[in-house]
Amino acid sequence: MIETDVTVIGGGPAGLASALKAAEKSNVLLLERGNELGGILPQCIHEGFGNFIFNKMLTGPEYAQYYINEIINSKIILKTNTTVLSIDPNKNIVATNSTDGIIRIKSKSIILAMGCRERTRSQILLPGTRPAGIYTAGTAQHLINIDGYMPGKNIIILGSGNVGLIMARRFSLEGANVIGVYEIMPNAGGLTRNIVQCLDDYNIPLFLSHTITNIVGEKRVEGVNVAKVDEYFKPILETERHIPCDCLILSIGLIPEIELCKNINIKIDNITKGIIVDNKMESSFPGIFACGNIVHVYDLVDDVTYSAEIAGKNAGNYIDFERGEIEEIKVIPGRNVSYVVPQIIKNKDCNTIKLYLRVIKEERNVNIILKDGNTPIFQKKERIVKPPEMLRINLSKQLIESISNNELNIDIRCVNE
Amino acid sequence: MNNDITCIICPLGCKIHIEEENNDFTFSGNICSKGEKYSILEIKNPIRIVTTTVFVDNDNHRLLPVRSKKGIHKDLVLKCIVELSKIKVKTPIKCGDIIYENILGTGVNIIASRDSSNI
């Protein structure tokens, strides 16, 4: 039995930053399933990380290296190649690795930092045969950037999420022919920056309102059928055509990795599919904190790190006691708001709070309006809002203290409405 | 020369059309001053950070991620990557170490993006 103050599950950017922050005041144990730290960052060799935290554009491995060095120089106890098997309602953790066998851990608080995983073919019911040559974008990225193998020569990419766009460029640079990126939505799923620098720079076509209707091939992918979709995302049969290819890459979304939370009573958000947190990044289970992509899928690793530092600080300070009734403010998404994180504001005696929100549809010239119950208390103008671009709102201490209802409603409305 | 630029400064993603006459630029399209600056740079000297991997020996990994220390003209990106695919580097390597000096005579060095072994 290992006894510790804080156990961090997951050694990606969220786990690293939260462990470091918690270790300022407490004993910390960091558990990582893989053989090295950094999570997804070591395979994200492109630049574009750390603009906010380091004030420069770093590559993924560089961003991770900074935190890995800090961890190595800290007193944090690190176990790699270690898989957590369960967490029970008394916050006992069971983990395993090949040297220690079964490890039982008693921890005062826990930080969940398991990140997210990629959606697969079966989650979008993609029809066709089951040949070799179909990969998620992240798997292809690992094969090319870590293992040094090319997954194919003639590539079709389904979905225009950021990882898919980044991989379109990577495939081109490594000598493959990227035939096209097909996106079922009428808008691209990734950031404008990636559309320009990953597709336009390499003359890779992007087909909006298109999907794959069939995968063809017995042993190896031989091609796919693509078709336009109508406004209800139903394929228009007359537009269906066959495109030969030997590799299909899926970039069809990410979902928080919450499998381990199923034995304990932790509330999950229906929209984000991630853990519901308050402004201290504490879940609905006292003493269990969450940060990074297990809460919702962030656009930027910098924001993952910020969320992790909040979780780390509060998990490090956590003392188990009967808290009684605590005043809670629910943050409620309203017009054209898909979700808001954190979902709950507890203890108004906090400093500033950063709210993250995503919109449902693209709109121009809008106001983001915060309402204390029904009374508007804050307004921020945006020239454009788009689903792929997360919005941030900083709430001042003064504003938080002024909230008198137990509901904070958020609406996005066009300026002239 | 491509005179149509999609601005990447903000999520608006304005389509900017530029005309040049004797180093004098005229812009059309919905555009702010930041977009003007960006589009001039994209016309005159479009640069990109080059990122790729190189082979390493004696390590837990087959590959080491590397990057150009500064931006390189976008027409040279592929040539750089082809050049870097020919080399194999010896470990140990620290993040930031120079892996290849003055690539293609650009004056830009290629540096390591990570330590060769972290743990």
Side-chain angles (χ1 to χ4, degrees), chain A residues 11 32 34-38 41-49 57-69 71-72 78 80-81 144-149 166 169-170 172-175 188 191-197 199-202 362 364 382-386 388-391, chain B residues 2 4-16 30 32 38-39 42 46-56 59-75 77-82 84-85 88 93-97 111-119:
Chain A
E32 164 57 41
N35 60 4
E36 65 170 356
L37 294 174
L41 289 171
Q43 72 183 59
C44 297
I45 64 164
H46 55 282
E47 90 15 297
F49 303 88
M57 289 291 205
L58 301 173
T59 62
E62 285 174 312
Y63 190 96
Q65 190 72 59
Y66 171 83
Y67 292 93
I68 292 168
N69 291 347
I71 294 271
I72 291 168
L78 169 65
T80 51
N81 290 312
I144 297 178
N145 293 345
I146 304 283
D147 305 325
Y149 299 108
I166 299 277
R169 172 174 65 185
R170 191 76 192 117
S172 298
L173 289 171
E174 288 294 338
L191 304 173
T192 315
R193 177 194 165 80
N194 287 333
I195 302 283
V196 172
Q197 298 199 342
L199 300 187
D200 298 354
D201 271 8
Y202 298 90
E362 181 173 325
R364 281 166 192 255
E382 292 285 345
R383 286 177 70 189
I384 190 167
V385 292
K386 285 180 179 182
E389 316 252 1
M390 205 161 61
L391 298 167
Chain B
N2 180 11
D4 292 299
I5 305 281
T6 307
C7 183
I8 63 165
I9 301 293
C10 85
L12 276 173
C14 297
K15 306 268 185 258
I16 302 168
N30 185 17
C32 67
Y38 169 78
S39 48
E42 272 297 287
I47 54 169
R48 304 284 184 266
I49 297 287
V50 175
T51 59
T52 186
T53 53
V54 296
F55 284 110
V56 285
D59 196 47
N60 303 329
H61 303 92
R62 284 181 76 201
L63 301 170
L64 176 80
V66 298
R67 61 171 289 188
S68 60
K69 176 96 184 167
K70 293 186 207 146
I72 287 176
H73 194 284
K74 73 175 184 183
D75 294 345
V77 170
L78 189 57
K79 272 190 187 156
C80 283
I81 285 180
V82 171
L84 290 167
S85 71
K88 189 167 198 174
I93 290 160
K94 281 280 181 199
C95 186
D97 284 358
I111 58 170
S113 273
R114 61 172 288 173
D115 293 358
S116 52
S117 260
N118 281 323
I119 305 159

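Here is the naming used below: chain letters follow the sequence lines, and residue numbers restart at 1 for every chain.
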Reported CD1-to-CZ distance for the pair I9(B) and R193(A), which is rounded to 0.5 angstrom: 9.5 Å

Judged by atom type as modelled, is there a donor-acceptor pair below 3.5 Å linking the side chain of H73(B) to the main-chain atoms of D75(B)? yes

Name the region of E174(A), side chain, backbone, both or neither, that has any atom closer than 4.5 Å to a heavy atom of chain B. side chain

Taking every heavy-atom pair that is under 4.5 Å apart, which of N145(A), V196(A), D201(A) has the most such pairs with chain B? D201(A)

If I measure from the heavy atoms of chain B, does N194(A) come under 4.5 Å with its side chain, its backbone, both, or neither? neither

Answer yes if the side chains of T52(B) and R170(A) hold a donor-acceptor pair under 3.5 Å, and no otherwise. yes

What part of Y63(A) lies closer than 4.5 angstrom to a heavy atom of chain B: side chain, backbone, both or neither? neither

For I111(B), is it the side chain, the backbone, both, or neither that has a heavy atom closer than 4.5 Å to a heavy atom of chain A? side chain

Under 4.5 Å to a heavy atom of chain B? For E389(A) that would be side chain

Quick one: what part of S85(B) sits under 4.5 Å from any heavy atom of chain A, side chain, backbone, both or neither? neither

Residues in salt bridge (charged side-chain N to carboxylate O under 4.0 Å, His left out) with K94(B), at least two apart? D115(B)

Spatial distance of atom CZ (R67(B)) from atom SG (C95(B)) [nearest 0.5 Å]: 9.0 Å

Which answer fits I144(A), side chain, backbone, both or neither, if we ask what part of it has an atom under 4.5 Å from a heavy atom of chain B? backbone

For E32(A), check salt bridge (charged side-chain N to carboxylate O under 4.0 Å, His left out) against everything at least two apart and list the hits. none

